[in-house]
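Within every chain, numbering begins at 1; the chains are lettered A, B, ... in the order of the sequence lines, protein sequences first and strands thereafter. This structure is a prediction, so every number in the text was calculated from the model and none was measured.
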Amino acid sequence: MNTEKTTDTSEHLNFLEEIVEADLASGKYKSILTRFPPEPNGYLHIGHASSICLNFDLGLKFGGATNLRFDDTNPVTEDTEYVDSIIADVRWLGFDPAQILYTSDYFPQLYEWAKVLIGKGKAYVDFSSAEEIAAMKGTPTEPGKESPYRNTPPEENLALFEKMKSGEFPDGHCVLRAKIDMASPNMIMRDPLLYRIKHAHHHRTGDTWSIYPMYDWAHGQSDSIEHITHSICTLEFAPHRELYDWCIEQLGIFPSRQYEFARRNLSYAVTSKRKLKLLVEEGHVSGWDDPRMPTISGYRRRGYTPESIREFCRRIGIGKRENVADMSVLEFCIREDLNKRALRRFAVLRPLKVVITNYPEGQEEWLPTENNPEDPDAGVRNLPFSRELYIEQDDFMENPPPKYFRLSPGGMVRLKSAFIIQCDEVIKDDSGNIAELHCRYIPESRSGQDTSGLKVKGVIHWLSAAHSKTAEVRLYDRLFQLEDPTEEKDVVKALNPHSLETIPEARIEPALADIEPGRHFQFTRLGYFCVDPDSKSEKPVFNRTVTLKDTWAKEMKHG
RNA sequence: UGGGCCAUGGUGUAAUGGUAACACAGCAGAUUUUGGUUCUGUUAUUCAGGGUUCGAGUCCUUGUGGCCCAACCA
């Protein structure tokens, strides 16, 4: 043994982990509790994934725990559909909430605390209209004006608040406001609204409430009730921290602390529930789980694995500055994961018929090929070979450019795991399109027993025409054509018109028939694909998750 | 004469007063029965000025630039 240091310097902490570590080291907390607090008014997207990983990993890494709490204070926009999808998405990502909770469970407590505040003369019922309140707010550079209702005595406010609660007033008739400072340089502190009247049906509390707390009156106290130690939110809530602390201070309850980080953005994607919802509602995509959507459910259906998404979040890290993570990182993560795990299969998207003229009609033989060269344990399978084959249209060119080493007239290629063939004749139809190829195979070139002595550069995938089956293949590309879709005020204008290409009749090898949805494969030389839920045994449907890296295509593109 | 947050290669994240690093992307090459994988090499970074210091990405100062805050949304 030597005295080599064992400290792992490769793992540097992000700024939130440093805070937690310091709080634990100083004895401020014996253990930590974080929370992920989505509002159930939409599906979770890739930005949320980053927040989920951040909160849950903090709990895991420092021996704490993480709650999932639905911030359901606005009944008009929220729904159980979203609650269910959010729980499913968090679990699919691989996280297990310590508790699943709802802010609405705290409505009674929040109501009692509001009365405490009123009793202290720190809150009042305001009958000013929304417009009047806005006008009295002032501007960032000018102080606001005090409401005429600001000095109503506490007893009177208590009675008024009781009437608000019992439903005696119509929507918008009045609000409960905190009495803080109309001249505060922080706009948030200019007598913020605490409660508003909404005679609305709540997804959990039904019609029992006609008043609902605002975010600022609900969030910090909910954290406090749960004894959340580190309440992590995005940067735009930083000005709210002063009010967050004020509420906790006024009530003298457990002091949860808020910390802010910059939301993660992704190139060629939007992370705005409002905009994503619009795409769904206007039918630009098939739903929240459309494989093109940057939602967690969309990525799942597209074929992304939880591991790849977690790795992506780990790689892009966390910080406080504006950022746009490059799509290529996400794509790298899924390729890296699937390269190790996905079984290889042959599929021909755009078939070109090849007749092996020197192969006896009616004969067939089964040739072994590896299921995954990265994983010997994945074993081998046998592929049927016969006189009539399909190859990819892209794998033949009549007038190939230099360095093209696939098939061309007179040229040779290796059919992967089978034989070398040589193209003798190009058969065209009446309109001059290539209809089929007549080739000869070299019998001595059989894979693994090649005595031909031939050296060919190109290796292509193929299928025995008679043995192949039909499948629908959906080729997805980026949903947006703009690297930053928010450059267009109207998201619809930023959409990529070619984000989906459906190939109704692709050919697949027999081993690919009748596979259950969700399974991942690499279609050799083409990319990673997974079975879509729309798949039926008579008509399999595959989604392209991501292409393989293709340096040849890149070279062609740049001429 | 409002307040808050931020500024490191193309992108993202480190460096906690002591050689500016890692990943992705890019480029070049090797290997390859996937133009994949793997491997090797390589291009490119501290917003600006001033100050403190033996030494500054880091501390101080003055600017500049960007984002957030005036919803009965969260």
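- One finds no side-chain N or O of Lys320(A) lying less than 4.0 angstrom from the OP1 or OP2 phosphate oxygen of rC5(B).
- Contact of Arg315(A) with rU13(B) (side chain to base): no donor-acceptor pair of N or O atoms is detected under 3.5 Å.
- Note on Met189(A): nothing from the nucleic acid sits closer than 4.0 angstrom, heavy atoms only.
- Residues Tyr195(A) and Trp552(A) each lie close to RNA chain B; by heavy-atom proximity, the contact nearer the 5' end of the strand is made by Trp552(A).
- Proximity of Thr551(A) to the phosphate of rG36(B): a side-chain N or O atom is located under 4.0 Å from OP1 or OP2.
- Leu548(A) comes within 4.0 angstrom of a nucleotide base, judged by non-hydrogen atoms across all strands.
- Comparing atom distances between the Ser328(A) side chain and each of rA25(B), rG12(B), rG4(B) picks out rA25(B) as nearest.
- Applying the side-chain hydrogen bond (donor to acceptor under 3.5 Å, both in side chains) test to Asn157(A) and every residue at least two apart in sequence or in another chain returns nothing.
- Separation of the C1' atoms belonging to rU52(B) and rG17(B) is 11 Å when rounded to the nearest angstrom.
- Distance check on atom C1': rG9(B) versus rA21(B) gives 11 Å, rounded to whole Å.
- When the side-chain hydrogen bond (donor to acceptor under 3.5 Å, both in side chains) test is applied to Lys403(A), the partners found at least two apart in sequence or on another chain are Glu555(A).
- Of the candidate nucleotides rA74(B), rU34(B), rG12(B), rA74(B) has the atom nearest to the side chain of Asp71(A).
- Of all nucleotides listed (rU13(B), rU34(B), rG2(B)), rU13(B) comes nearest to the side chain of His12(A).
- Comparing the P positions of rU62(B) and rC54(B) gives a spacing of 24 Å, expressed to the nearest Å.
- Using atom C1' as the reference point in both rA14(B) and rU58(B), the two lie 13 Å apart (nearest Å).
- Within 3.5 Å, no donor on the side chain of Arg335(A) pairs with an acceptor on the base of rG36(B), nor the reverse.
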Problem set entry | Full working for side chain to side chain donor-acceptor pair (under 3.5 Å) between Ser224(A) and Gln221(A) | CA-CA 5 Å; Ser224(A) 181; Gln221(A) 286 93 308; over 6 Å; no

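- In this structure, of rU34(B), rA74(B), rC27(B), it is rC27(B) that holds the atom nearest to the side chain of Lys554(A).
- Qualifying salt bridge (Lys or Arg N to Asp or Glu O under 4.0 Å) partners for Arg69(A), counting only residues two or more places apart in sequence or in other chains: Asp223(A), Glu226(A).
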Give each protein N/O atom lying under 3.5 Å from an N/O atom of nucleotides 57-59 of chain B, with the pair distance.
none

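- Listed pair Ser184(A) / rG3(B) fails the phosphate criterion, with no side-chain N or O lying under 4.0 Å from OP1 or OP2.
- Considering only residues two or more places apart in sequence or on other chains, Arg263(A) meets the salt bridge (Lys or Arg N to Asp or Glu O under 4.0 Å) condition with none of them.
- Stacking is not found between Tyr215(A) and the pyrimidine-like six-membered ring of the rA74(B) base under the 5.5 Å centre-distance and 30° plane-angle cut-offs.
- For the salt bridge (Lys or Arg N to Asp or Glu O under 4.0 Å) test, no residue two or more places apart in sequence or in another chain qualifies with Lys320(A).
- Between rC22(B) and rU42(B), the two P atoms lie 11 Å apart (nearest whole Å).
- A gap of 13 Å separates the C1' atoms of rA20(B) and rU13(B), to the nearest Å.
- A search for side-chain hydrogen bond (donor to acceptor under 3.5 Å, both in side chains) contacts involving Asn41(A) returns Glu39(A), Lys273(A), not counting sequence neighbours.
- Side-chain N or O atoms of His520(A) include one that pairs as donor or acceptor with a backbone N or O of Gly303(A) at under 3.5 Å.
- Within the nucleic acid shown, Arg190(A) has no heavy atom closer than 4.0 Å to any nucleic acid atom.
- Checked against side-chain hydrogen bond (donor to acceptor under 3.5 Å, both in side chains), Arg257(A) has the following partners two or more places apart in sequence or in another chain: Asp245(A).
- An OP1 or OP2 oxygen of rC73(B) is reached within less than 4.0 angstrom by a side-chain nitrogen or oxygen of Arg196(A).
- Between the side chain of Asn14(A) and the backbone N or O of Glu17(A), at least one donor-acceptor pair lies under 3.5 Å.
- Here the P atom of nucleotide rU33(B) and the CG atom of Asp450(A) are 11 Å apart, to the nearest Å.
- You'll find that the side chain of Lys457(A) is closest to rU32(B), out of rC73(B), rU32(B), rU34(B).
- Comparing rC47(B) with rC27(B), their C1' atoms sit 28 Å apart, to the nearest whole Å.
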Problem set entry | Nucleotide pairing, RNA chain B (Watson-Crick or G-U, distances under 3.5 Å), in dot-bracket with [ ] and | | .((((((..((((....[..)))).(((((.......)))))....(((((..]....))))))))))).....

Anything under 3.5 Å between a protein N or O and an N or O of nucleotides 67-70 of chain B, put it in a table, one pair a line.
| residue | atom | partner | partner atom | Å |
| --- | --- | --- | --- | --- |
| rC67(B) | O4' | Glu322(A) | OE2 | 3.0 |

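- Not counting sequence neighbours, Arg344(A) has no partner by the salt bridge (Lys or Arg N to Asp or Glu O under 4.0 Å) test.
- For the C1' atoms, the distance from rU43(B) to rU38(B) is 22 Å, rounded to whole Å.
- Along RNA chain B, the nucleotide closest to Glu260(A) and the one closest to Asn74(A) are compared, and the more 5′ of them pairs with Glu260(A).
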For this session: Apply side chain to side chain contact (heavy atoms under 4.5 Å, CB included) to the pair Trp246(A) and Met189(A), showing each step before the final yes or no.
Result: CA-CA 9 Å; Trp246(A) 184 89; Met189(A) 298 298 279; 4.2 Å; yes

For this session: Would you sort out whether Arg35(A) and Ser222(A) count as a side chain to side chain contact (heavy atoms under 4.5 Å, CB included), showing the intermediate values?
Result: CA-CA 10 Å; Arg35(A) 105 265 90 117; Ser222(A) 300; over 6 Å; no

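- At least one cation-pi condition fails for Arg507(A) and Tyr390(A): the charged atom is not both under 6.0 angstrom from the six-membered ring centre and inside a 45 degree cone around its axis.
- Between Arg264(A) and the phosphate of rU13(B), there is a side-chain N or O to OP1/OP2 separation shorter than 4.0 Å.
- A donor N or O paired with an acceptor N or O is not found under 3.5 Å between the base of rU33(B) and the side-chain atoms of Ser417(A).
- Residue side chain Arg525(A) does not reach the base of rU34(B) through any donor-acceptor N/O pair under 3.5 Å, judged by distance alone.
- The salt bridge (charged side-chain N to carboxylate O under 4.0 Å, His left out) test with Arg341(A) singles out one residue from Glu374(A), Glu307(A), Glu336(A), and that residue is Glu307(A).
- The main-chain N or O of Asp191(A) is never found under 3.5 Å from a side-chain atom of Arg150(A) such that the two would form a donor-acceptor pair.
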Got a list of protein N/O to nucleotides 38-43 of chain B N/O distances below 3.5 Å?
none

